[in-house]
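One structure is given here, and the rest of the page talks about it.
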Amino acid sequence: MVKDKYEKVMDLAKRRGYLWSSFEIYGGIAGFVDYAPLGTMLKNNVIDTWRRHYIVNEEFYEIDSPTITPHEVLKASGHVDNFTDPMVECKGCLESFRADHIIEESIDMDTEGKSLKELEALIEKHNISCPKCGGQLGEVKRYNLMFLTSIGPGGKRRGYMRPETAQGIFIQFRRLASFFRNKLPFGVAQIGKAYRNEISPRQGVIRLREFTQAEGEFFVHPKIKTHEKFKDVENEVLPLLPASRQMDESLNPDEKTINMKIKDALREGIISHESIGYFLVITKRFLMDIGIDINKLRFRQHLPDEMAHYAIDCWDAEIYTDRFGWIECVGIADRTDYDLKAHMNHSGVDLRIFVEYDGPKEVETYNIELNYKVVGRIFKGDLKYIENKLKNMDIEEIEEMVNEINKNGRYTLKIERNGEIKEFEILKDHLKISKTIKKISGEKVLPHVIEPSYGIDRITYCLLEHAYSEEEDRVYLNLNSKMAPIKVGVFPLVNKENMPEIALEIKNRLRSNGIIAQYDDSGAIGRRYMRMDEIGTPFCITVDGQTLKDETVTVRHRNSREQIRIKIDKVVEYIKNRI
RNA sequence: GCGCCAGUGGUGUAGCCUGGUAUCACUCUGGCCUUCCAAGCCAGUAACUCGGGUUCAAAUCCCGACUGGCGCACCA
């Protein structure tokens with residue numbers, strides 16, 4: 001049987017200590033993997049490089065929030081309701097289907113927002129049967145992709161394992177905004193585990209139930225989505241696969257991706273603004289930096305119907321793999337103000353930022369004075385929400401209210417809170433509204449957010465696969481020196497005449513200079529080189545007979561297998577300059 | 001979740017049909033040897049995925065679970 005590349009890579013990863021399946025002695029569970037010692041080092045190197053790009057170069061600041069998230073947060077973000085699929089099972093052939101999908105297929109109707117009961121009623125009413133065997137369909141049930149847990153004793157407080165790290169950033173937005181002294185734009189990052197209880201995870205490390213995300217949230221003024229460093233990157237050429245070309249059936253699949261300068265993509269309206277474009281470029285640079293093969297990278301724009309409910313423009317960095325084809329490794333989305341708005345509405349906390357105008361403006365506006373003696377008794381605890389709502393109404397809304405009150409003597413104020421809309425009757429004697437001229441120096445805005453989100457596990461796998469190289473007589477990982485877990489192997493050519501002692505001394509000297517080096521004296525020298533090749537170690541140093549005479553050693557380079565001879569004193573410097 | 005197929009040392013395997021102390025090679029560990037690319041010699045570690053059933057006896061037959069592969073479905 002011929003093994004494909006995935007199998008070869010996973011074999012090597014398992015054998016040499018990159019990836020192991022989790023809980024193996026108890027039989028294992030699909031969708032979970034352990035990073036073994038070398039895999040952990042490799043993954044950490046990927047993350048370190050990510051930090052260098054985002055935290056150091058892009059000046060994002062990183063936070064670290066809990067993975068367990070209370071119900072309210074994910075209710076607000078829409079995950080409780082939307083991160084779940086309605087499933088229906090055929091009573092005959094036991095096949096499962098997406099309930100909304102089969103309804104939409106058979107009666108051509110938009111089922112968006114319908115409840116389970118409504119879906120069930122539709123199936124019954126239109127006599128929809130199993131698309132496979134024609135059998136009767138059962139109850140419509142929800143399958144939620146979040147792991148449910150409880151907080152505290154008694155299990156009363158519901159919580160979930162977070163499905164993405166992003167929410168932790170959004171819910172701290174007020175603190176973050178003040179940390180950045182209320183100046184847009186600013187970037188916040190989070191690296192950590194996220195959890196999705198996939199129905200049927202396959203494909204090893206490609207689809208996990210617990211995985212590591214590195215997400216950046218770049219908050220911008222909703223009307224200013226330019227990027228101050230766009231000029232620096234505008235001539236960068238990217239392999240783009242825009243939605244329009246994906247849908248263009250006159251193009252061959254392999255002609256659809258087009259290399260173009262990011263500034264041209266912007267000019268032609270392919271990308272919606274500079275900030276999206278900027279992070280596309282940063283993503284390409286990061287992926288190239290860690291050693292992803294640029295010829296196996298493309299940026300694919302989401303088609304209008306596949307875009308998540310919160311996004312207005314979304315691009316995936318896709319990396320080509322031998323077995324799975326193009327897989328999504330990075331998502332770059334304009335999430336607009338979807339999340340901040342949701343958390344603002346549900347929590348009642350104002351998440352807007354005050355943005356000053358260039359100079360003060362005089363505007364005609366309305367002054368609303370509440371008659372507290374009256375409204376206090378009527379609305380009691382709800383008053384603060386009413387006050388808040390009135391304060392934030394725009395001119396049109398106020399005028400509409402004034403008109404209503406003048407006409408009917410009353411106005412129905414609608415306030416959304418915790419996902420429910422409450423109505424309050426506002427009468428004429430509740431408030432006094434007068435026109436005034438106000439000098440205003442700025443306005444409150446709810447920022448939009450541009451989100452580059454990286455799947456670290458997939459990227460790490462792709463890196464291994466792209467590095468995997470075969471020659472006639474050996475297998476080696478062509479990892480670049482920055483990524484390789486072990487930087488140097490140190491060997492005595494033979495175990496005599498003081499060679500082991502000298503080699504050990506060199507290994508220790510490298511280690512004390514912060515360089516990960518491994519000593520090995522077992523078997524023949526060739527075997528030791530092969531071992532190091534297989535785990536991707538870029539350099540091997542060998543102490544031989546000549547070392548005893550002139551204090552030089554050989555340095556062998558992994559890819560070329562060529563050797564040069566240098567002084568022992570220069571070894572640390574030589575390696576340091578190359579990793 | 002559904003269907004089909006498969007699970008034997010670290011890896012690759014023989015044995016399974018026809019039940020009776022599990023084969024071989026490589027790897028790995030220790031030693032000898034070895035002066036530059038998986039050499040050789042000696043010794044050693046190391047496996048029947050798990051749970052039930054049938055049987056005097058199960059790697060082998062039967063059932064179930066788990067894991068993996070493929071197909072379907074799913075992947076906000």
Side-chain angles (χ1 to χ4, degrees), chain A residues 1 3-4 6-8 10-12 14-17 20-32 74 77-90 92-102 112 130-133 141-146 163-164 196-204 206-209 302 306-311 314 323 327-328 331 333 471-476 489 491-497 499 521-534 540-548 553-558 560-563 565:
Chain A
M1 194 186 66
K3 287 184 185 176
D4 69 2
Y6 172 80
E7 210 172 340
K8 290 177 183 172
M10 291 308 281
D11 265 6
L12 188 152
K14 190 175 177 185
R15 199 155 35 83
R16 290 297 185 191
W20 293 329
S21 52
S22 301
F23 317 115
E24 198 178 4
I25 64 166
Y26 287 103
I29 301 186
F32 297 91
L74 295 161
S77 68
H79 285 90
V80 169
D81 298 317
N82 297 325
F83 200 63
T84 158
D85 297 324
M87 304 287 290
V88 64
E89 196 173 277
C90 169
C93 65
L94 299 177
E95 192 81 28
S96 288
F97 305 94
R98 280 282 295 269
D100 50 344
H101 285 185
I102 46 178
E112 189 76 21
C130 172
K132 196 175 163 195
C133 74
K141 290 179 188 160
R142 280 219 174 278
Y143 182 81
N144 197 314
L145 282 97
M146 289 195 291
E164 57 175 6
R196 296 178 188 185
N197 200 359
E198 299 284 355
I199 295 171
S200 168
R202 298 249 183 99
Q203 310 159 340
I206 304 299
R207 224 165 113 206
L208 294 171
R209 287 182 165 132
H302 278 206
E306 83 181 291
M307 202 113 62
H309 54 285
Y310 49 70
C314 188
R323 180 187 285 193
I327 59 170
E328 171 194 349
E471 284 174 0
E472 273 166 36
D473 59 343
R474 66 163 178 167
V475 165
Y476 67 103
F491 318 134
L493 183 59
V494 287
N495 293 321
K496 59 186 184 190
E497 294 170 34
M499 290 182 205
D521 63 9
S522 82
I525 189 78
R527 179 180 297 266
R528 293 177 242 160
Y529 286 143
M530 294 307 153
R531 271 202 280 256
M532 286 296 166
D533 285 346
E534 221 180 10
C540 290
I541 289 171
T542 301
V543 173
D544 60 11
Q546 199 177 327
T547 309
L548 306 172
V553 291
T554 61
V555 180
R556 169 194 183 264
H557 290 238
R558 178 193 61 211
S560 65
R561 302 202 212 186
E562 275 165 17
Q563 293 186 357
R565 189 163 271 279

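Order of the sequence lines fixes the chain letters, A, B, ..., with proteins taken first and strands second; residue numbering starts at 1 for each chain. What you see is a predicted model, and the numbers here were worked out from it, not measured in a lab.
Across all strands, A:Leu145 comes closer than 4.0 Å to no nucleic acid atom at all (heavy-atom distances).
At distances below 3.5 Å, at least one donor-acceptor pair connects side-chain atoms of A:Arg196 with backbone N or O atoms of A:Pro163. Judged by distance alone, with hydrogens and angles left aside, the side-chain atoms of A:Arg528 form a donor-acceptor pair with the main-chain N or O of A:Pro492 at under 3.5 Å.
Going from atom CG of A:Asn197 over to atom C1' of B:C74 covers 13 Å, rounded to whole Å. Residue A:Glu7 contributes atom CD, which lies 12 Å from atom P of B:U11 at whole-angstrom precision. Across the protein-nucleic acid pair, A:Lys496 atom NZ and B:U34 atom C1' stand 7 Å apart, rounded to whole Å. Rounding to whole angstrom units, CG of residue A:Asp473 and P of B:A39 are separated by 12 Å. Spacing between atom CZ of A:Arg209 and atom P of B:C66 amounts to 11 Å, rounded to whole angstrom units.
In this structure, B:C2 forms a base pair with B:G71, meeting either the Watson-Crick or the G-U wobble geometry with both donor-acceptor distances under 3.5 Å. Taking a pair to require two hydrogen-bonding distances under 3.5 Å in either a Watson-Crick or a G-U wobble arrangement, B:G30 pairs with B:C42.
Looking at which nucleotide of RNA chain B each of A:Arg15 and A:Asp533 is closest to, the 5′-most match is held by A:Arg15.
Close to B:C28, at under 4.0 Å from its OP1 or OP2, lies a side-chain N or O of A:Arg527.
Judged by the 6.0 Å distance and 45° axis criteria, A:Arg558 is not positioned over the aromatic ring of A:Tyr476.
For A:Ser522 and A:Arg531, the side-chain atoms include at least one donor-acceptor pair closer than 3.5 Å.
You'll find a donor-acceptor pair under 3.5 Å spanning the side chain of A:Arg207 and the base of B:C74, going by distance alone.
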